[in-house]
Each structure stands twice: as structure tokens, then as C-alpha cells.
Amino acid sequence: MSKAIYDHSAIEAKWQKIWEEQKLYQVDPHSVNAKNKYYCLDMFPYPSGHGLHVGHWRGYVLSDFYARYQMLQGKTVLHPMGFDSFGLPAENAAIKYKSHPKKFTDEAIVTIRKQLEDIGASFDWSKYLSTCEPNFYKWTQWLFLQLFKHGLAEKRNALVNWCGQDQTVLANEQVVNGKCERCGSMVSKKELSQWFLKTTEFVDELIDDLDGLNWPERVKSLQRDWIGRSIGAKIIFKSDDLSIEVFTTRADTLFGVSALVLAPEHPLIEKLVTVEQKNAVEQYQQSVRSKTNVDRQQQKETSKTAVFTGSYAKVPLSNKEVPIWIADYVLMDYGTGAVMSVPAHDERDFQFAKIHQLEILEVINSNKTELPFVESGDLINSDKYNGQNSKVAASKIIEDLEKIGAGSATTNYRLRDWLVSRQRYWGAPIPIVYDPQGNAHAVKDEHLPLLLPKDVDFVPGGESPIARSRDFIELAEKLYGKGWHFETDTLDTFFDSSWYFFRFLSPTDENSALDTETIKNWLPVDLYIGGIEHATLHLLYARFITKFLAKYNYIDTHITEPFQQLYNIGSINLHGARMSKSKGNIVSPDLLVEHFGRDALRGYELFIGPMDVEAEWNNRGINGIHRFLIKLYQISANQIGEGRNFSEQFARYLTNINQMIPQFRLNTVISEAMKFVNSIKEEKIDKELFGKFIITLAPIFPFLCEEMWQNLGNTESVFKQNWPIADTSKEKTKITVLINQKFIAYCDDLGSEEETKQLAVELPEVKVKLAAKKISKVIYRSGKLINLILD
RNA sequence: GGGCGUGUGGCGGAAUGGUAUACGCGGUGGACUUAAAAUCCACUGCCGCAAGGCUUGUGGGUUCGAGUCCCACCUCGCCCACCA
């Protein structure tokens, strides 16, 4: 038998070129029947100067598997790729090297695009887009203006998150444990006038529509928790003529209130504080102000610092007088910034009351001796509500409060509006122009894109770099008149990525942002692949934008969700840590590709372990896949012909992988393929059967499979074929014979216990074990096993 | 503190309640080679010369049968965290 040489470099170069010439992956989205489409999308990358590592490959290989698999299922597959190319890293690099962010970005794009092509993924590059290009951000600006026109983009004063390192404000979602999500430095609070998008307008849909999505439960619950819906009541407490509003989820415990507690920043404090307490209160407020948010939150149970205002408030319905306190465990930016303290039935209030010697009155009956008792039960010490169940009592109390104008049922959310202004250069300018009186107006459509000015020193200085551009100042006056000026902040780059998946359907359309008809056919995305780190960032923003566009008919109103199925790929680690340039534990794919080939690396990325969990990289593991490919190639070159009938093995293989593929179990798909190949050994295999086998492997090993496919005499691409149909008709039913739980042999399943037992006891292996012993019991499971229990 | 995971050979990992350790890596021995690499073949959970016994974090339970289901505990990991 002659040795065929598996020359991966030659094979890969050959098919890469041919596929490109044939435009194998290019689709015309306008011509496709919606039923037969498959939109497969990767979270598009930021063009980092560090290039791709083997961890990045994993996601792209996975999405490419499904793109190609769906082609073989007869679907028209859209699998586009582009770059999320505005953002801080390029700008910071430019400052460091006294260059321009565009230059860094362009260079990185060239490198990464080359690396992406190396993967051999089925990207349709004709749909390419890059968010920093004017032909994209023109429409990003347009989108912002649509939000503005519908009153969903608004400039307002607010206490916002400020990153001193990056010299810009951040959205709530970009603050992680009090630190900047990008640079890790401490975030402080600043009162600033900023642009907000009203994500809270869609808050209920953002929670409720999660139910219909095929997303990992983990991500759904992260979003639910982030949005944080709590159903409860607003209750108004009177202190002389002042009204203090609190939010509570436990209106049933109203008769157990022993104090009102306000956040230190609460605006009513000034009016509430008595002369005697003035000094103490001001000192307390001062001490809180000097704490960072993290310090403030890290105290938790250990200490509940607080100060008394000297004033009292009346509890509605009971008319009890309770003291008004100030404590920093109450947060100004949640609810109303004030709470009613019920020590007997709330952990925090209990600690607070113990430290400051407040009354602890039980109003829910519990058998437990230990307080606080936070569950529901029947009311006690609550006047006419005594004996009622707390759930019932809560709604009754709210009803009664409503009658006297002292409260109402309400729902409170943790989600805040999305702050999108950034005081940095490398982003899309916010397309707003101010008249001489300072009123905001939309930049006219004919002036879009409002280009980023070039004459800018973009070293950050707390105000936006483009405010210092002469060109930008002059342009505003030229277009709009004397005294007019543009907004000088830029848009959060998450705004760019919140709509890019629509633009892939018409990336070069100069007349409109959205191709509504095509979007109607192609959205939602069928499979979206990326890391879990965007659970409450990008994925939330993209859902918001989609809901906005659907509500106002920019897209078909049925498309209320952007991503039907989401899959989170587990990270690839080295030495126990996620690969990153800063940790210095990067494995580059380039040498592996050269040595083992793209197919082998693709296969190993999938073989390394389950797709949704982290995996530890081991360079040597790729050997196994490479050997497998060599074996495969040998068979295709030398062992095709009349020989043993492998149709039974193949049927089993196909049945197994058909189950595994929808569950993303691609590591075991490869195992199954290896088993099948191992069973062939040196024997001949039927050409048609082997061809079917090649088709099933083509999504993983596209280059080699196309080569083998065409070497078998086929002239059309393997990706134009149909996925084989599993033939289960020939499968014989063999079942396991056990004696006292131990495996003994296989035997035919005759369908009934009696017949099968007769057959089983005649097997030589069974006869030996049985000897003179008596069978006391038979357990027969049709199609599975027969278990003979001996005395 | 709350939520969600996880625990199987030297390693990555496999196993609709039915032969635990598939598949691969690594290792050992052999073939080929002047030699090496590559490739191929055999063996490779643990104890034992063997027969045989033991083994899925620990302890219970359900079952003819448990890595898998139930209860309790331990380990490690991730996320959220004074959200009223």
C-alpha cells in the first residue's frame, strides 16, 4: 500500500483560493425565503493590536461548525464578520506613541482579518463593516437621533460614575465592584449633565421577553437580577407638613415600623434636621462623602453607622410616631432613597435597631425564637389586620393607604437609564447641536455623518477632546449660525454594537440604516456566539435597541428580540488563567497552523472539552487530531472499494452525532468519528458510504474534507451536498446479559422475557456461571438487558 | 449572606438508571530507520505472581442495579451582594 502524504498547507491554500473564487459563502439576503435562512453570528471583535490567540479561535470555530452544518441541512446561511473598532485601547495607544487611533485601528484590522481568514471560517466578507468608518457611524448617529426624536434620548444632570484614569463617565453596567470595567481603577461619583437613553421605558419587556429566548439560564437570570424588578408599594410618611416617601416590598409589616431611615444625600434632610442635631448630621454627611462607594458597601453587617435627625414622622394607619434617622446603608439611587425600618422582619433593619437601641416589634407570627423573621405568616400587633396572612394583608394595607392618599402599589427597578456620553475622542460624535441659548437640536440628516474632527489633541483632560477642535467649532457656526455649537461628547461604543447585526444585511446601503424588508426575513439571529462577559452589557443594550426599533416601526414589529439562541463559549486557559496579553499566557495559533494545519487546530479547539466550560490548553493534544486526519487521508487515498460492509457502524455513528450536534457536544462528535475510523483499520470501505462520512466531518475539517470529497470523483463542493440520512432499519437489537448485576455476554432480544431467557441460559458463558445454581429472579428490560439473579 | 456550578486514571475528558474510565494526550515496550523525527503495532485506573478484589469528594437512602435520582456534609470555582 502506497503512502499518501497529507500536505495540509497545500490542501488548505488550494481550497481557500477556490472557495474565494467561487464566492462559496456569499449570500444575497434579498433573495431568500425566510423559512430557509440561518443567521449565524459571532460577537464581532475589537481589533486589538495583540492579535488573536487560540482562545479566540474556539468561538469562531464553533460558530463556523454550525454555519457549515446548516448549509448541509439545505439552509441559506449568513455568517458575516466585522469589527467593533471604536474604543479606548486604540486611543490610549495613540496617546502613548503620539500617533492616531485610526492608524492603530487600521493596522490591527489588517492583522486580525488575516488571522480570521486563517481559521478557514465561512465568513461572507462581502458583508464586512467596521464601526469607526463614517459609512457606519453615519447611521449610528442617525439611530441616536431617532431615539432623540421619540424622547428616548435626553440630556440631564445626574450623579454619574466617573473614571479618573480614563477621564470619562461610565454607564452603571460598566462599573464592576466599584471599578472601571476597562481599566480597573476606582470609579467615583460626579454630578454632571449627560446624555441618557431611556432603557427603563422598556423595562418590563426586557424582563418578560427573556422567557421565550433559547439562552443559557445563567444569562437570563443575570439580566433579570440586573433589571431587578420588585413589586411593592410607595408609602408616604408625614413629619409636620413634610412628606417622606419610602418604597417597600413589605407593606404588611407597616405596624412594625420603628424608624424611617434616609440616605445621607436625601434632599429633605436639610428641612428635617433639628437645631440640636445639626452638627452631628452634617458631620455624618461629611464622613460619608469622604468614603468611596466601595468602602460604603463593604461595611455590610459589621457596622450600621447612623445619626438621628431629631425629627419624628407619623406612620400612616397606625399614627405611631417614629424617629427619622440617616444611615449610609440606605442608597439614594434606589427606590426613593428612604426606607421604613422594620427590625423584627428585616436583617438590615434588625442590626440597625440593635446598634441604635430602637424598638423591635414583631408583627408577623412566627414559631421561631430567633429574629429577624423574614418569611410570611399571619399578622399580629397590627390592629384590624391581625390574623390575616401577610400576602393578603399587604394588598389590604396598600388599598387602605390609597384611600387616605398615603400610598399606592408600585413596582421598583434596579435598572437605570443608559448613560451614553463619553468624554473621549475615539467614538461617534453625538449628533446634537446647541443654539445660542443652549437648547439641544438634532443635527440635520444632510449633515450626517457628523465627522470626527482631525485637528484634535486627544489627550484626555476631563472634557471632551473634540471641544478643542477649531474645525469643529467653525463647522457648527458655518452650518447653523453664529453662537451655535456641537455637542462634544462621543457615544459609548456599546451603542455601536447595539445595532450592528441589523446593518450586516445592508452594510453598504447609502440611503438608509436599515433594510426593513430584509431584516423582516432574517432577524432574529438564529445563533449568537460569544463570551458571557456581555450578559448585562451588550446583550441588554442590543435588546433595548431592538425593542425600540420594533415599537416605532423601523423594523417589523414582530422582531422584538435580536438573538433567538445564545451560546456562551468557555474560555481557553493556560496555567489556570484565561489567556491574556497582560498575563503573558497567550498561545498563538500561527505556529500550530503552520505545523499541524488549520483543520487540525480547528478539530482540537472543539475536541478539548465541552464547549460551555473553560478548558486548559495543552499544545501536545493537537497531535491526536493530526494523527486522526492522517489516518483519514490514508483511507481516502488507499482504501476505497469493495470490502467489509460498514453500514451498521456508520448508522450508529450518524445516530449518535445527530443527537450530539444540537446539544453543542462537539468533543464527543469527534470521538465518535475517531471510533468509526478506528473500526475501518486496513480494510476497504465503500465509496458512497465513505463519502457520506466525509460530509459529516466537513463542518469541522472543511479543507481536508473538500479535498477528499473531490478526490473521490465529485466535482461539486462538499458544502453543496445534503447531510446523510440515518438508516436505522438494519440495527439489530442486542441486549446485555447480566448475572447478579455483572456483565456476562450479549444476546439477541427476542421481545419477550421467557423466550429471551431461554436463549440467554443456553449461551456458553452463561452456562458456566449458572452451573447448578438456581435462578431466583429475572429482570428483563426489552431492548436493554436481561439480569439473572441467582440464589 | 444569596444564587448557580463543579468534584471520575498521570492529564483533557466519556457514560438516555444497565459492562465506569469511551475518545484523545502522555507513558512503556516493539516495528521501520545508520540515527532521529514522523508513522505503525501492543500494553497502560488501583492492589495482586495469579485467581480475584477495589474504585466516580464523604456518609446515608431509593432501586434487581446509582458516577447518574433523593438527603446531609466536604472541596473548589463563578456571579450577585446593605436593592428596602
Side-chain angles (χ1 to χ4, degrees), chain A residues 3 5-6 176-177 216-219 221-222 224-226 228-230 232-233 235 246-251 253 260-261 263 296-304 327-331 333-342 345-349 351-352 374 412-415 532-533 535-536 570-571 576 603-604 607-610 612-628 630-631 634 659-660 665 667-678 681-682 735-738 740-746 776-781 783-789:
Chain A
K3 265 288 199 229
I5 306 291
Y6 168 42
V176 180
N177 292 328
E217 277 308 317
R218 207 154 52 114
V219 179
S221 97
L222 277 170
R224 281 192 200 102
D225 292 350
W226 182 260
R229 177 161 64 190
S230 6
I235 302 181
V246 307
F247 172 75
T248 181
T249 54
R250 294 296 303 271
T253 61
L260 286 194
V261 188
R296 206 172 137 174
Q297 285 171 17
Q298 265 168 357
Q299 297 186 10
K300 297 196 179 180
E301 305 88 26
T302 53
S303 88
K304 286 262 179 301
D328 69 351
Y329 80 90
V330 178
L331 309 172
D333 53 9
Y334 183 77
T336 61
V339 302
M340 58 181 222
S341 183
V342 185
H345 306 293
D346 183 277
E347 185 69 44
R348 296 149 302 175
D349 296 345
Q351 287 156 5
F352 175 74
V374 298
N412 192 58
Y413 301 89
R414 212 179 81 116
L415 184 75
I532 193 160
E533 62 274 14
T536 53
S571 66
Y604 186 56
F607 188 61
I608 193 164
D612 56 345
V613 298
E614 315 182 338
E616 175 73 18
W617 188 261
N618 176 358
N619 257 345
R620 285 184 296 200
I622 195 174
N623 273 331
I625 302 287
H626 190 232
R627 282 176 196 149
F628 169 71
I630 290 169
K631 253 185 246 179
Q634 291 306 324
Q659 279 174 17
M660 293 164 176
R665 294 169 50 210
N667 54 332
T668 55
V669 167
I670 294 175
S671 294
E672 292 296 321
M674 285 170 166
K675 279 192 222 174
F676 182 67
V677 164
N678 290 347
K681 296 193 175 129
E682 306 278 284
I735 61 169
T736 310
V737 182
L738 306 168
N740 289 343
Q741 284 315 118
K742 296 241 159 166
F743 172 82
I744 303 297
Y746 289 113
S776 66
K777 189 172 179 182
V778 175
I779 295 141
Y780 170 74
R781 296 280 179 274
K784 283 185 179 172
L785 61 101
I786 182 157
N787 187 9
L788 310 173
I789 311 294

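By convention in this document, chain letters (A, B, ...) are assigned in the order of the sequence lines, proteins followed by strands, and residues within each chain are numbered from 1.
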So, for A/T536 and A/W226, which heavy atoms are closest and what is the spacing to 0.1 Å?
CG2-CB, 3.6 Å
Euclidean distance, atom CD of residue A/Q351 to atom P of B/rG1 [Å, nearest integer]:
12 Å
Among A/V261, A/L331, A/T248, A/D346, exactly one meets side chain to side chain contact (heavy atoms under 4.5 Å, CB included) together with A/V339. Which residue is that?
A/V261
Report which part of the nucleic acid A/R627 touches: base, sugar-phosphate, or nothing (heavy-atom distance under 4.0 Å, all strands).
sugar-phosphate
Mind checking if A/T336 touches a base, just sugar-phosphate, or nothing, with heavy atoms under 4.0 Å?
nothing
Where is the tightest heavy-atom contact between A/V669 and A/M660, given as atom of each residue plus distance?
CG2-CB, 3.7 Å
What interatomic distance, in whole Å, is found between P of B/rC78 and the corresponding atom of B/rA72?
25 Å
Mind checking the P distance from B/rU21 to B/rC70? Whole angstroms is fine.
25 Å
Closest-nucleotide 5' rank along RNA chain B - winner of A/H626 and A/L738:
A/L738
If I compare all heavy atoms of A/A535 with all of A/V219, which pair ends up nearest, and what's the gap?
CB-CG1, 4.0 Å
Have a look at A/N678 and say if it touches a base, only the backbone sugar-phosphate, or nothing, with a 4.0 Å heavy-atom cut-off.
sugar-phosphate
Spacing between A/W226 atom CH2 and B/rC83 atom C1', to the nearest angstrom
12 Å
P atoms of B/rA22 and B/rC71, separation to the nearest Å
32 Å
Assuming nearest nucleotide by heavy-atom distance, tell me which of A/A615 and A/Y334 is located more 5' along RNA chain B.
A/A615
Applying a 4.0 Å non-hydrogen cut-off, can you work out what A/R414 is touching in the nucleic acid: base, sugar-phosphate, or nothing?
base
Taking B/rC40, B/rC64, B/rG26 as options, the one with an atom nearest any side-chain atom of A/I789 is B/rC64
Taking only the side-chain heavy atoms of A/V330 (C-beta and beyond), determine which of B/rA84, B/rC79, B/rC25 contains the nearest atom.
B/rA84
In this structure, how many angstroms lie between the P atom of B/rC80 and the CZ atom of A/R218, rounded?
11 Å
Euclidean distance, A/E682 CD relative to A/Q634 CD, rounded to 0.5 Å:
9.5 Å
Nearest-Å distance once atom C1' is located in both B/rG12 and B/rG26:
11 Å
Rounded to whole angstrom units, what separation is found between the OH atom of A/Y604 and the C1' atom of B/rG13?
11 Å
Determine the Euclidean distance between corresponding P atoms of B/rC76 and B/rG7; express it in Å to zero decimal places.
15 Å
Locate the shortest heavy-atom distance separating A/S230 from A/T249; write the atom from each residue and the value.
CB-CG2, 3.8 Å
Please tell me which of the listed nucleotides, B/rG18, B/rC23, B/rA84, lies nearest to the side chain of A/L331?
B/rA84
Roughly how many Å is it from NZ in A/K631 to P in B/rC23, rounded to a whole number?
10 Å
Crowding at CZ, A/R229 (>12 non-hydrogen neighbours, <6.0 Å)
yes
Separation of the P atoms in B/rG57 and B/rU68, to the nearest angstrom
8 Å
Expressed as a whole number of Å, how far does the P atom of B/rA38 sit from that of B/rG29?
16 Å
Specify the separation, in whole Å, of atom CG of A/N623 and atom P of B/rC40.
11 Å
Which heavy-atom pair separates A/Y334 from A/Y413 by the least distance, and what is that distance?
CE1-O, 3.9 Å
Write down the distance between NE2 (A/H345) and C1' (B/rC82), rounded to a whole number of angstrom.
19 Å
Reading RNA chain B 5' to 3', how would its secondary structure be written in dot-bracket notation, given Watson-Crick and G-U pairs with both distances under 3.5 Å, brackets [ ] for crossing pairs and | for partners on other strands?
(((((.(..(((.....[....)))((((((.......))))))(((....)))..(((((..]....)))))).)))))....
What about A/N787, does its side chain sit under 3.5 Å from the base of B/rC64 through a donor-acceptor pair?
yes
Taking the side chain of A/F607 as heavy atoms from C-beta outward, which of B/rA81, B/rG12, B/rA84 is closest to it?
B/rG12
For A/I779, answer base if it contacts any base atom (sugar-phosphate contacts may also be present), sugar-phosphate if it contacts only those atoms, and nothing otherwise; contact means non-hydrogen atoms under 4.0 Å.
base
At a cut-off of 3.5 Å, list every protein nitrogen or oxygen paired with a nitrogen or oxygen from nucleotides 14-17 of chain B, distance to 0.1 Å.
{"residue": "B/rA14", "atom": "OP1", "partner": "A/N667", "partner atom": "ND2", "Å": "3.2"}
{"residue": "B/rA15", "atom": "OP1", "partner": "A/R665", "partner atom": "NH2", "Å": "2.3"}
{"residue": "B/rU16", "atom": "O4", "partner": "A/K784", "partner atom": "NZ", "Å": "3.4"}

Testing A/L260, A/V330, A/V246, A/D349 for side chain to side chain contact (heavy atoms under 4.5 Å, CB included) with A/S341, which one passes?
A/D349
Side-chain H-bond candidate by donor/acceptor type, A/N678 with A/K631, under 3.5 Å:
yes
In whole angstrom, give me the gap between the P atoms of B/rC74 and B/rG1.
11 Å
Exercise: identify the closest heavy-atom pair between A/N619 and A/I622
O-CG2, 3.0 Å
Quickly work out the A/I608 CD1 to B/rG12 P distance and round it to whole Å.
11 Å
